[in-house]
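The structure under discussion appears below in the form of structure tokens.
Each residue takes its place number in the sequence, starting with 1. All of these numbers come straight from a predicted model, not from anything done at the bench.
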Amino acid sequence: MTIFGFVLIMLGAVLLSNLINRLLPALSAPLVQIALGMVICLIPFGAFGFEFELEPELFFVLFLSPLVFHESYTSDKKTLWNMKKPILGAAVILVFLTVIAAGYLTNLLIPAIPLAAAFALIGALGPTDDVAVDAVSKRVAVPRKIMGILSGESIINDASGIISFQFAVIAVTTGGFSLGQASLRFVLVGIGGLFAGIVFTQIKYAIVKGIRSLGMANVTLHILIEVLTPFIIYMTAEALYTSGILAVFASGITHSFMRDKFNPETVKLNIARDSVWEFLTFTLNGLVFVMLGTQLPGILKTIGLGAFPINGFEIAGCIFLLMVIFSVLRFLWWILLVRKKTYQEDNNPIGAVKAAVIFSLAGARGTVTLASVMSIPLLLDNGTAFPERDLIILLASGVIVVSMLITNFVLPLFVKRISEETRSGEEHAAYSEMIQGVIFRLKSEVTEENSFATDVVIRSYLRRNTSIRDIGPHRKETPTEKELRSQIFMWEKENTAALLESGNVDKAAARHFLGILNDRIKNINKRSFFRRFLRVLKHVLSLRRKNGAMPNRADFVVIIESNTRYVLKKLNEIKNTENAAAVEKFAAEFELMSIMSRGRNHARSGTLGEAENSAVHALVTRGFSIERELIQEMFELGRITRETARGMRADILTLEAQLQRDF
């Protein structure tokens, strides 16, 4: 019961950290979780306070295997491939160089830590933290290509750092080390792990395919299989004397290529899977940092008791020197080996020194590092205690905290901080541009058979575009837009008057519409263009209340559609390179009003024929496919961050589920 209470308390701390992080986004979640862990120590459990420990070997299978699997599963394959040289260099070669250089330095500073144990410490400190990378992208404008390298590095160096750590630990526990034998074993274990991960994934695919062919598959079954996958693959690979971490990493990459094969048709499953993994990864990351916080007070108390071979000031100095050597090595790596084209942004070129500073400061350590050092065995093969295990954990914890503080507070001094207003404006602009791109592509593919379905789907996109503008930050109109808006009202007035004079429309409806237009011309700078249409409906309702009789709604539809055709024709005639943006904006709004004015019931569930329903389904699917393509393009061009792209994809999944129900 006591363990259950400990778990509930830590989960409560993870929940609270999420709330605090949303209220105070300037503080990264890991820092909040560490602080909450220290607060938990005040709870009167155990001799000193809150005490909770896991068996060391559980950390790899319980925390690292699912986190490494998910990171590789959700990796941006195109970015990894396009920037493979700097990413692999930073994630593999730089990690090994750091292990050697910093390992010798650690052994020199603290002779009580054997060289192999020092290599284990630095190997654990090799992986940079994916959570920290995400936090950076949310708050500061790190150049796109540097951000791409940081993101790819945080995925690949999990495997390289952990492998280095594991081999160093083996050298300590067995008491023997041969460079030749270690290199051969490294190759065999590494290749065996990668091969095992690919093979196990193919076996899983065959099992899932067989279950689906029997009609026994459902969302719950698929989710359970996927969540269990990293644990099973890790333990199986380790049982075969290969690298479990590399097997999990290879499996995640293979899953990312086979995602559609595993789940080819279920939108509901995609939504459920992403939600489950988001919950699981945040919780596991949070638990690790909370546990670190619970350990810190006891460790600090131990320092005061003189349990370590060096005092507290010397420990702080070692942590500082480790951070310095990590930063210097990352800086020199960038300056000497990363080509200029990887840090020169298309529209915002930056110097090599500034790029190197950003790269060196953004290398925060986190969950993988902590879980690795916590997995260090208590005893060697000969039964003696692992040399300076607690000191190694303390040094790693110190580096984690300091690197997080640097990323959170020092890095923003070298890059432009992203304000909430700026970020929101950029996201809304990107969203609107994406919607316009989808509409353009759908129009270019329209045929006589799918014209009605195209109209229905485009109407949905136009509504989304308008709503995102309405709730987004206010943007003042340019002089060109104001002038064009005034001209549009005059065109509408001109066409409505012509309709009235020709007798092709109801006179009462035309006169009422002209009155609305005159009112709008007087107040052109006070209301938005889209609200003009809502004003029409308001006047219609008020006239009905006053007179008791009202021209048929169809009469207003005739006027609106005629005005729309007339205005669109005029806009097309005056369009040029200088006013193209304003023309496209107003053309889209007029099309929205035209579609909204036509029979809305035709687009509602249950009123479409079978052929129309099929056409709508096909176009909805096509639209979402185009959206995903455009999101990826905007991400690669640096128009949106990885976090924004991820949110857009999540919105698509939600809309897919809604439209499946509606259509």
Side-chain angles (χ1 to χ4, degrees), residues 25-26 28 76 79-80 82-95 97-98 101-102 125-157 320-366 399 402-423 425-426 634-644:
S28 63
D76 183 357
T79 299
L80 287 175
N82 291 339
M83 309 186 75
K84 54 185 177 296
K85 289 184 179 180
I87 288 175
L88 288 174
V92 179
I93 301 176
L94 179 58
V95 168
L97 291 177
T98 302
L125 289 170
T128 51
D129 190 61
D130 185 60
V131 174
V133 171
D134 280 341
V136 168
S137 68
K138 292 179 184 177
R139 294 180 288 106
V140 294
V142 176
R144 174 179 58 87
K145 292 181 179 178
I146 299 179
M147 200 67 215
I149 295 176
L150 288 171
S151 300
E153 177 196 21
S154 67
I155 295 170
I156 306 297
N157 66 11
F320 174 77
L321 287 176
L322 285 174
M323 283 303 308
V324 169
I325 192 170
F326 289 152
S327 299
V328 169
L329 287 173
R330 292 175 67 84
F331 180 87
L332 293 176
W333 172 268
W334 191 278
I335 290 292
L336 298 176
L337 298 176
V338 179
R339 293 183 179 180
K340 186 176 181 180
K341 65 179 182 180
T342 62
Y343 59 79
Q344 288 287 349
E345 298 296 300
D346 297 332
N347 300 319
N348 184 28
I350 61 175
V353 174
K354 183 176 180 180
V357 169
I358 294 172
F359 179 72
S360 61
L361 295 179
R365 273 64 181 177
V399 171
V402 173
S403 66
M404 288 283 182
L405 291 173
I406 290 174
T407 300
N408 204 78
F409 298 109
V410 179
L411 179 61
L413 301 177
F414 294 88
V415 290
K416 182 180 178 181
R417 183 176 287 275
I418 301 175
S419 66
E420 289 299 317
E421 181 179 357
T422 300
R423 172 65 72 205
E426 291 176 352
M634 286 192 290
F635 173 73
E636 292 172 3
L637 292 172
R639 297 288 308 281
I640 58 176
T641 64
R642 181 171 62 168
E643 187 67 23
T644 300

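Listed by chain and residue number, Ile319, Met323, Ile406 satisfy the side-chain contact (heavy atoms from CB on, under 4.5 Å) test with Val402 (two or more places apart in sequence, or in another chain). Scanning for side-chain contact (heavy atoms from CB on, under 4.5 Å) contacts around Ile325 gives Ala101, Ala102, Leu105, Leu329, with sequence neighbours left out.
For the pair Ser154 (side chain) and Ser151 (backbone), a donor-acceptor distance under 3.5 Å is present. Although no hydrogens or angles enter the test, the distance criterion places a donor-acceptor pair under 3.5 Å between the side chain of Arg365 and the main chain of Leu125.
With values rounded to the nearest 0.5 angstrom, Ile156 atom CD1 is found 13.0 Å from Ile149 atom CD1. Between the CG atom of Leu322 and the OG1 atom of Thr98 there is a distance of 11.0 Å, given to the nearest 0.5 Å. Between the CD1 atom in Ile87 and the NZ atom in Lys84 there is a gap of 10.0 Å [rounded to 0.5 Å]. One finds the CE atom of Met83 at 11.5 Å from the CG atom of Leu88 (value rounded to the nearest 0.5 Å). Note: Leu332 CG to Leu97 CG = 11.0 Å, rounded to the nearest 0.5 Å. Rounding to the nearest 0.5 Å places OG of Ser403 at 9.5 Å from CZ of Phe326.
Among residue pairs with one or both ends in residues 320-337, those qualifying as salt bridge (Lys or Arg N to Asp or Glu O under 4.0 Å) are Glu153-Arg330; sequence neighbours excluded.
Counting all heavy atoms, side chain and backbone alike, Val357 lies closest to Ser360 at O-OG, 2.8 Å. Between Phe359 and Ala90, the shortest heavy-atom distance links the atoms CZ-CB, 4.0 Å. Taking each heavy atom of Gly363 and Thr128 in turn, the nearest pair found is CA-CG2, 3.7 Å. Val353 approaches Phe331 most closely through the heavy-atom pair O-CE1, 3.8 Å. Considering every non-hydrogen atom in both Asn157 and Gly126, the closest pair reads ND2-O, 3.8 Å. Shortest non-hydrogen contact noted between Leu411 and Ala362 is CD2-CB, 4.1 Å.
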With side chain to side chain contact (heavy atoms under 4.5 Å, CB included) as the test, would you mind laying out the steps for Val410 and Leu405 before giving the verdict? CA-CA 7 Å; Val410 179; Leu405 291 173; over 6 Å; no
Is there a side chain to side chain contact (heavy atoms under 4.5 Å, CB included) between Ile358 and Trp334 once you walk through the steps? CA-CA 10 Å; Ile358 294 172; Trp334 191 278; over 6 Å; no
